[in-house]
Undergrad: 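Dropping a structure here in structure tokens format, bear with me for questions.
Every value quoted in this text rests on a predicted model; they were computed, and no experiment measured them. FYI, side chains are in, hydrogens and waters are out, and symmetry mates aren't considered; it's all heavy atoms of this structure. We number each residue from 1, following the sequence as shown.
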Amino acid sequence: SVGPIQRFDDPEYMLRINASNAPPGAETSTHSHPGSEAIYILSGEVTVRWPDRSEVFAKGESQAGEPPHTPMVATSTGEEDLVELIMFVVDPTQDFAKPETMD
């Protein structure tokens, strides 16, 4: 069980499920999504950084994401490949990912 995810109001919603595989040390760019997300870690470890904090999630753990348009960076910080399922509920009228900056 993962959630609850952040609720948001939009005229339309799209559910998108991604399976992600990243070697140790791989890192996303700083970005945001036009909706909510939740992750479930199948193997490895991920460190997720938001403007106000960082958290580490390992195999078998889950996390419901932040509100829409919250900047984030995800880094594979374990000793084995990070494999995760990511569920997104987004506004399909906006770009799926937007470049962001974080102080």
Side-chain angles (χ1 to χ4, degrees):
S1 174
V2 179
I5 62 172
Q6 295 286 330
R7 300 189 92 167
F8 62 98
D9 292 324
D10 271 317
E12 297 180 53
Y13 300 94
M14 178 180 68
L15 173 65
R16 178 174 170 167
I17 307 292
N18 286 8
S20 173
N21 188 330
E27 182 173 273
T28 68
S29 61
T30 304
H31 67 285
S32 67
H33 299 287
S36 297
E37 67 183 281
I39 63 171
Y40 180 76
I41 308 303
L42 296 168
S43 69
E45 176 185 279
V46 64
T47 299
V48 183
R49 185 168 51 95
W50 297 278
D52 61 342
R53 72 185 194 291
S54 293
E55 289 190 45
V56 177
F57 305 97
K59 181 179 178 178
E61 295 183 320
S62 61
Q63 192 269 339
E66 296 297 303
H69 307 289
T70 300
M72 65 175 290
V73 174
T75 306
S76 176
T77 51
E79 294 183 10
E80 61 183 19
D81 283 3
L82 168 66
V83 179
E84 60 186 335
L85 292 176
I86 311 166
M87 178 193 77
F88 299 92
V89 178
V90 295
D91 176 352
T93 66
Q94 297 183 37
D95 290 338
F96 176 70
K98 176 183 162 192
E100 296 282 0
T101 59
M102 211 175 344
D103 294 331

Undergrad: So, using side chain to side chain donor-acceptor pair (under 3.5 Å) as the criterion, who are the partners of Asp10 when residues are at least two apart?
TA: none
Undergrad: Quick test of your reading: applying salt bridge (charged side-chain N to carboxylate O under 4.0 Å, His left out), list the pairs with at least one residue in residues 71-91, sequence neighbours left out, ordered by first then second residue.
TA: none
Undergrad: Under a plain distance cut-off of 3.5 Å, with no hydrogens placed, do Ser32 and Glu100 share a side-chain donor-acceptor pair?
TA: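 Yes, because at least one side-chain N or O of Glu100 sits under 3.5 Å from a partner of the opposite role on Ser32.
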Undergrad: Between Thr101 and Thr30, does a side-chain contact (heavy atoms from CB on, under 4.5 Å) hold up when you go through it step by step?
TA: CA-CA 6 Å; Thr101 59; Thr30 304; 5.6 Å; no
Undergrad: Is any side-chain heavy atom of Arg49 closer than 4.5 Å to a side-chain heavy atom of Met102?
TA: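 Answer yes - side chains close enough.
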Undergrad: Taking the side chain as every heavy atom from C-beta outward, state whether Pro51 and Pro71 have any atom pair closer than 4.5 Å.
TA: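 Touching, per the 4.5 Å side-chain cut-off.
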Undergrad: List the residues meeting ring-ring contact (aromatic ring centres under 6.0 Å, His included) with Tyr13, not counting sequence neighbours, and say none if there are none.
TA: Phe8
Undergrad: What side-chain donor-acceptor pairs closer than 3.5 Å can you find for residues 54-65, not counting sequence neighbours?
TA:
from  : atom 1 : to    : atom 2 : distance (Å)
Glu55 : OE2    : Arg53 : NE     : 2.8
Glu55 : OE2    : Arg53 : NH2    : 3.2
Glu61 : OE1    : Ala58 : N      : 2.6

Undergrad: Just to verify, what does His31 make a ring-ring contact (aromatic ring centres under 6.0 Å, His included) with, not counting sequence neighbours?
TA: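 With neighbours one apart ignored, the set is His33.
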Undergrad: Between CD1 of Ile41 and CG of Leu82, what distance do you get to the nearest 0.5 Å?
TA: 5.5 Å
Undergrad: From Ile5 CD1 over to Glu66 CD, what is the distance, rounded to the nearest 0.5 angstrom?
TA: 12.5 Å
Undergrad: Between Val90 and Val48, is there shared hydrophobic-cluster membership here, with clusters defined by ILVMFWY side-chain heavy atoms closer than 4.5 Å?
TA: yes
Undergrad: CZ/Phe88 to CE/Met14 distance, rounded to the nearest 0.5 angstrom?
TA: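 If we round to the nearest 0.5 Å, Phe88:CZ and Met14:CE are 9.5 Å apart.
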Undergrad: With clusters built from Ile, Leu, Val, Met, Phe, Trp and Tyr whose side-chain heavy atoms come within less than 4.5 Å, directly or transitively, what are the remaining members of the cluster of Val2, listed by chain and number?
TA: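 So far as hydrophobic clustering goes, Val2 is joined with none.
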Undergrad: With side-chain hydrogen bond (donor to acceptor under 3.5 Å, both in side chains) as the rule and sequence neighbours excluded, what pairs involving residues 34-45 come up?
TA: Glu45-Thr77
Undergrad: Could you grab the distance from atom CD1 of Ile17 to atom CD1 of Ile86, nearest 0.5 Å is fine?
TA: 9.5 Å
Undergrad: Would you mind writing out the side-chain donor-acceptor pairs for residues 22-29 within the sub-3.5 Å range, not counting sequence neighbours?
TA:
from  : atom 1 : to    : atom 2 : distance (Å)
Glu27 : OE1    : Thr75 : OG1    : 2.8
Thr28 : OG1    : Ala74 : N      : 3.0

